[in-house]
2 protein chains.
Amino acid sequence: MIDQPARRVGALLDQVGRQLRQHSMPALDSLGMRPRHLLTLTVLRDRAGSSQADLSTLLQIDRTNLVGLLNELEADGLIERRRSPEDRRRHLVELTRDGRELLSKAEFALAFVEDHVFGALDASQRETLYELLQLAANGEASCSELSSDC
Amino acid sequence: MIDQPARRVGALLDQVGRQLRQHSMPALDSLGMRPRHLLTLTVLRDRAGSSQADLSTLLQIDRTNLVGLLNELEADGLIERRRSPEDRRRHLVELTRDGRELLSKAEFALAFVEDHVFGALDASQRETLYELLQLAANGEASCSELSSDC
DNA sequence: TATTGTTATACTCTATAACTATA
DNA sequence: TATAGTTATAGAGTATAACAATA
């Protein structure tokens, strides 16, 4: 054996992510959303009141591109921006009621897509996958934001 | 409790995938690669001799965009295209020796990136994550290619 | 007629630099 | 001076239509 190839999770993550996005498109289109809209609403539900800078690192979307994205969501009445009283430079972003409702609709529709893409996994395997990804996501998020011990 | 939100794996997969890609950029740049190059080489190692149409569905890259991507890889001597004797419409694609070597280098460099992004997971958890993603990827791949019972 | 690879092209996503306002 | 948000713009990624060669 010449080479023990590294088990690169990245390549697999890429592949599955692409399949997921591909199959999600029709459902999202019918709701007038693109993938980044959905991702943003999803993260905002857990992290309501984040500043745009916080969102930028959470979503891994450049703050300069985030502006236009939030403009679209705000124009559709899905989110709200308000100035922070403590630091008037900041915009605190929150989901509106309409935003929550649309997010629910999207998740309902996408449940079927995930059932298809993750058809080879049983319920407990999917649960495990979810928990492992959450671990990774939270571990990273806590790095870039407040703490600097990474 | 009004709403039991679906545990959407997709959003997490998106987030972690973005973080991974973000942190991988510098390492890939120094090797003159972009993410899609790496993905393509990685998949080609397992599926040598795939046609471009096969690759298109495996990579979830439109066949029309795949052309230019393969042109770049071929110009760099990383892959080879040859006509299939059985069906002269097809190009069978394979890694060259240089392609394998560059892939190894990239994987070595990216191992450190993955160590960072998946720092919150121990060795056995990463192994589990890898296996679950592989299950999902292979389950989907076997759908779109040969069998049609999905 | 259908499929494989290809080109051209428009559209979306992403990254860089410079500006305004607050701190 | 540094940071949050914004604008403008160039580059990379993606999707659609049309074509030549082969089946």
Side-chain angles (χ1 to χ4, degrees), chain A residues 14-15 17-26 28-29 32-40 49-75 79-94 144-146 148, chain B residues 14-15 17-26 28-29 32-40 49-75 79-94 144-146 148:
Chain A
D14 246 41
Q15 265 189 285
R18 279 169 174 279
Q19 287 164 353
L20 212 42
R21 184 153 36 85
Q22 216 62 233
H23 288 94
S24 303
M25 289 296 194
L28 289 180
D29 270 352
M33 304 172 85
R34 272 165 295 144
R36 10 190 28 233
H37 295 130
L38 178 62
L39 178 61
T40 306
S50 296
S51 73
Q52 295 187 192
D54 290 342
L55 279 178
S56 173
T57 68
L58 280 170
L59 302 169
Q60 295 291 128
I61 293 177
D62 200 292
R63 64 180 190 184
T64 144
N65 297 317
L66 190 59
V67 175
L69 180 57
L70 293 180
N71 286 347
E72 293 174 7
L73 294 172
E74 196 171 33
I79 63 150
E80 272 181 352
R81 287 192 259 217
R82 58 171 226 276
R83 289 272 168 205
S84 162
E86 292 93 17
D87 183 344
R88 288 189 42 72
R89 290 173 302 182
R90 296 193 173 204
H91 274 160
L92 306 185
V93 187
E94 280 174 359
S144 329
E145 266 172 299
L146 302 172
S148 53
Chain B
D14 246 41
Q15 266 189 284
R18 279 169 175 278
Q19 287 164 352
L20 213 42
R21 183 153 36 86
Q22 216 63 233
H23 289 93
S24 302
M25 287 296 193
L28 289 181
D29 270 353
M33 304 172 85
R34 274 165 295 144
R36 10 188 31 236
H37 295 130
L38 178 62
L39 177 62
T40 306
S50 295
S51 73
Q52 296 188 191
D54 290 344
L55 279 178
S56 172
T57 68
L58 280 171
L59 302 169
Q60 294 290 130
I61 293 178
D62 200 291
R63 65 180 189 183
T64 144
N65 297 317
L66 190 59
V67 175
L69 179 57
L70 294 181
N71 286 349
E72 294 173 8
L73 293 172
E74 196 172 34
I79 64 151
E80 273 180 352
R81 289 191 256 215
R82 59 173 224 274
R83 289 271 168 206
S84 162
E86 290 95 17
D87 183 344
R88 289 189 42 74
R89 290 172 302 181
R90 297 193 172 202
H91 273 160
L92 306 185
V93 188
E94 280 174 359
S144 328
E145 265 172 300
L146 301 173
S148 53

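Here is the naming used below: chain letters follow the sequence lines, and residue numbers restart at 1 for every chain.
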Exercise. With a non-hydrogen cut-off below 4.0 angstrom, is B:D87 in contact with a base, only sugar-phosphate, or nothing?
Worked result: sugar-phosphate
For this session: Could you grab the distance from atom CZ of B:R90 to atom OG of B:S51, nearest 0.5 Å is fine?
Result: 4.5 Å
Exercise. Separation of B:E86 atom CD from D:dA21 atom P, in whole Å?
Worked result: 22 Å
For this session: May I ask you to evaluate whether A:Q22 reaches the phosphate of D:dA15, defined as a side-chain N or O under 4.0 Å from OP1 or OP2?
Result: yes
Exercise. Are there more than 12 heavy atoms of other residues, nucleotides or ligands under 6.0 Å from atom CD of B:E72?
Worked result: yes
Exercise. Do B:P35 and B:M25 touch side chain to side chain, with heavy atoms closer than 4.5 Å?
Worked result: yes
For this session: Check whether any side-chain heavy atom of B:I61 sits under 4.5 Å from a side-chain heavy atom of A:R18, and report yes or no.
Result: yes
Exercise. If you look at every strand shown and take non-hydrogen atoms under 4.0 Å, does A:R36 touch a base, only sugar-phosphate, or nothing?
Worked result: sugar-phosphate
For this session: Give B:R83 one of three labels, base, sugar-phosphate or nothing, depending on what nucleic acid heavy atoms sit under 4.0 Å from its own.
Result: nothing
Exercise. Out of D:dT14, C:dA23, C:dT6, which has the shortest distance to the side chain of A:R88?
Worked result: C:dA23
Exercise. Within the structure shown, what part of the strands sits under 4.0 Å from B:S51 by heavy-atom distance: base, sugar-phosphate, or nothing?
Worked result: sugar-phosphate
Exercise. Rounding to a whole Å, what distance do you find between A:L69:CG and C:dA15:C1'?
Worked result: 16 Å
Problem set entry | Shortest side-chain distance from A:R89, nucleotide among C:dT22, C:dT7, C:dA15 | C:dT22
Problem set entry | Toward the 5' end of DNA chain D, by each residue's nearest nucleotide, B:P85 or A:N65 | A:N65
Exercise. Does a nitrogen or oxygen in the side chain of B:R34 sit under 4.0 Å from OP1 or OP2 of D:dG11?
Worked result: no
Seminar exercise, completed: Ranking A:S84 and B:Q52 by the position along DNA chain C of their nearest nucleotide, the one closer to 5' is B:Q52
Problem set entry | Partner of B:I79 by side chain to side chain contact (heavy atoms under 4.5 Å, CB included), out of B:N71, B:T40, B:L73 | B:L73
Problem set entry | More than 12 heavy atoms of other groups within 6.0 Å of A:R83 CZ | yes
Problem set entry | Protein-nucleotide distance (A:D62, atom CG; D:dA4, atom C1'), rounded to Å | 13 Å
For this session: Return the value, rounded to whole Å, for the distance between atom CG of A:D54 and atom C1' of D:dT3.
Result: 12 Å
For this session: Take the protein atom CD1 of A:I61 and the nucleotide atom P of D:dG13, then report the distance between them rounded to whole Å.
Result: 17 Å
Exercise. Reckon B:R81 has a side-chain N or O less than 4.0 Å from the OP1 or OP2 of C:dT6?
Worked result: yes
Exercise. Quick one: which of D:dG5, C:dA17, C:dT14 gets closest to the side chain of A:T64?
Worked result: C:dA17
Exercise. Could you state the CG-P distance from A:L66 to D:dA4, rounded to the nearest angstrom?
Worked result: 13 Å
Problem set entry | Length of the line joining A:D29:CG and C:dT12:P, which is rounded to integer Å | 11 Å
Exercise. Considering only side-chain heavy atoms of B:R63, which listed nucleotide, C:dT6, D:dT14, C:dT14, is closest?
Worked result: C:dT6
Problem set entry | Whole angstrom value for the distance that separates C1' of C:dA15 from CG of B:L28 | 16 Å
